[in-house]
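Keep in mind that this is a model prediction, so the values were computed, not measured. First listed ligand is number 1; within each ligand, the first listed atom is number 1.
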Amino acid sequence: MAGEPAASVDFVPGVGLKIPRHLGVIMDGNGRWAQKRGKRRTEGHVEGVKALRGIVEHCINYGVDYLTVFSFSSENWSRPQDEVSFIFNLLRRFVASDLQRLIRNNVKVRIIGARQGLDPSLVRLIEDVEAKTSANTGLTLVVAFNYGSKAEIVAAARHLAREVAAGRLDPEAIDEQRIGDALYTAGLPDPDIIIRTSGEQRLSNFLLWQAAYAEFIFVDEHWPDFNEASFVRVLETYSRRDRRFGGIGTAAS
Ligand code: IPE
Ligand code: IPE
Ligand code: MG
């Protein structure tokens, strides 16, 4: 009717979406997904890998430049030994089954986290994957494996302190850029979105420094259930957010 405000138009999937440059994902809920179905937790991790393949594909198709996924935290060592070994083997299996496809899809892989404490053969595998995809120019897939953000910051502080002690760095020259450059994520833009699945609303030591201005999007689905529709819903939510970075934002200007 004339004079009445137009009805708000819902977002059409894939159309008019704001695409983040960098998406971070805490892939949580594999164990509960399995337990709910009377399966072993490890089966949830296997299904989780399928959801990972899916989100890599969606990021490529929708034009996301960087995808960082949290796949094993430095705190996850406290799980039963069997489950830890299973997750480590899953990383090896993922590389064996998916490396060629990643190369074909022009994906550059980077693995962040502590390498001390990892089996030397696993470290070699990680280096090999990085080397074989280093010339790729499409999506950068960052896998946070044996990663903990506080440990990352400690390592960066030690590195900078050593530089100062050796007389190579003036303490006054330490700024946000220098600290960023000393983190595992050096050279990557900060994440625009951090998604966590499974209904938990915490960071669990993921990208604490880098997520300073990320939009947090918590979804109830367990990670193995996260599909393209879930991905589009996240983009819709993100598109409606007003990122102000301390300013007054678009709604007020
Ligand atoms: C996430 O799923 C995967 C890893 C932490 C390796 P979980 O294994 O944490 O699943 P829940 O949270 O116990 O359901
Ligand atoms: C965070 O999930 C780590 C990964 C998804 C790899 P957790 O399941 O380990 O986190 P908490 O223990 O619930 O905080
Ligand atoms: Mg969990």
Side-chain angles (χ1 to χ4, degrees), residues 22-56 58-59 66-95 97-98 109-119 122 125-126 129 141-155 183-185 188 191 193-211 214-227 230-231 234:
H22 184 174
L23 181 62
V25 186
I26 303 171
M27 308 184 292
D28 196 18
N30 291 349
R32 279 165 287 163
W33 179 93
Q35 279 161 339
K36 236 174 58 182
R37 289 163 177 77
K39 298 173 191 276
R40 290 186 300 272
R41 290 179 54 86
T42 48
E43 295 185 54
H45 296 313
V46 171
E47 285 300 310
V49 173
K50 297 182 188 166
L52 171 60
R53 261 182 214 121
I55 199 170
V56 167
H58 308 324
C59 284
Y66 300 86
L67 169 66
T68 299
V69 294
F70 202 5
S71 67
F72 187 82
S73 79
S74 42
E75 288 72 35
N76 287 147
W77 287 102
S78 64
R79 296 189 178 201
Q81 172 61 40
D82 285 3
E83 183 170 340
V84 172
S85 312
F86 191 90
I87 294 169
F88 274 62
N89 280 326
L90 211 50
L91 177 69
R92 291 180 197 270
R93 277 161 56 187
F94 177 69
V95 171
S97 59
D98 284 61
V109 181
R110 185 154 150 187
I111 293 159
I112 59 168
R115 302 217 172 154
Q116 308 95 290
L118 296 184
D119 192 285
L122 189 59
L125 181 83
I126 287 172
V129 171
L141 170 62
V142 184
V143 180
F145 191 84
N146 198 22
Y147 174 86
S149 193
K150 283 192 168 186
E152 173 185 41
I153 293 168
V154 167
L183 299 174
Y184 295 129
T185 48
L188 302 173
I193 302 178
I194 301 284
I195 304 175
R196 184 170 188 147
T197 55
S198 87
E200 308 297 350
Q201 303 194 351
R202 54 179 171 265
L203 278 178
S204 302
N205 207 10
F206 185 53
L207 303 181
L208 301 181
W209 169 276
Q210 299 86 340
E215 295 294 326
F216 292 97
I217 300 182
F218 299 108
V219 305
D220 286 333
E221 295 150 300
H222 294 314
W223 175 246
D225 288 328
F226 192 91
N227 58 22
S230 332
F231 180 81
V234 164

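Taking 4.0 Å as the cut-off between side-chain N and carboxylate O, Glu83 and Arg79 count as a salt-bridged pair. Using a 4.0 Å cut-off between charged nitrogen and carboxylate oxygen, Glu75 and Lys150 do not count as a salt-bridge pair.
Checked against Phe72 for a ring-ring contact (aromatic ring centres under 6.0 Å, His included), the options Trp77, Phe94, Tyr147, Phe206 give a single hit: Trp77.
For the pair Trp223 (side chain) and Gly29 (backbone), a donor-acceptor distance under 3.5 Å is absent. Judged purely by atom type and a 3.5 angstrom limit, Arg110 uses its side chain to pair as donor or acceptor with the backbone of Tyr184. In terms of modelled atom types and a separation under 3.5 Å, the side chain of Glu152 and the main chain of Leu183 share no donor-acceptor contact. Not one N or O on the side chain of Asp28 forms a donor-acceptor pair closer than 3.5 Å with the backbone of Ser198.
The nearest N, O or S atom of Glu200 is not closer to the Mg ion (ligand 3) than 2.8 Å.
The minimum distance between the Mg ion (ligand 3) and any N, O or S atom of Asp28 involves atom OD1.
The contact shell of ligand 1, taken as protein residues with any non-hydrogen atom closer than 4.0 angstrom, comprises Met27, Asp28, Gly29, Asn30, Gly31, Arg32, Arg41, His45, Ser71, Asn76, Arg79, Glu83, Ile87.
Counting atoms of ligand 2 from 1 in the listed order, those under 4.0 Å from a heavy atom of Arg202 are 11 (P), 13 (O), 14 (O).
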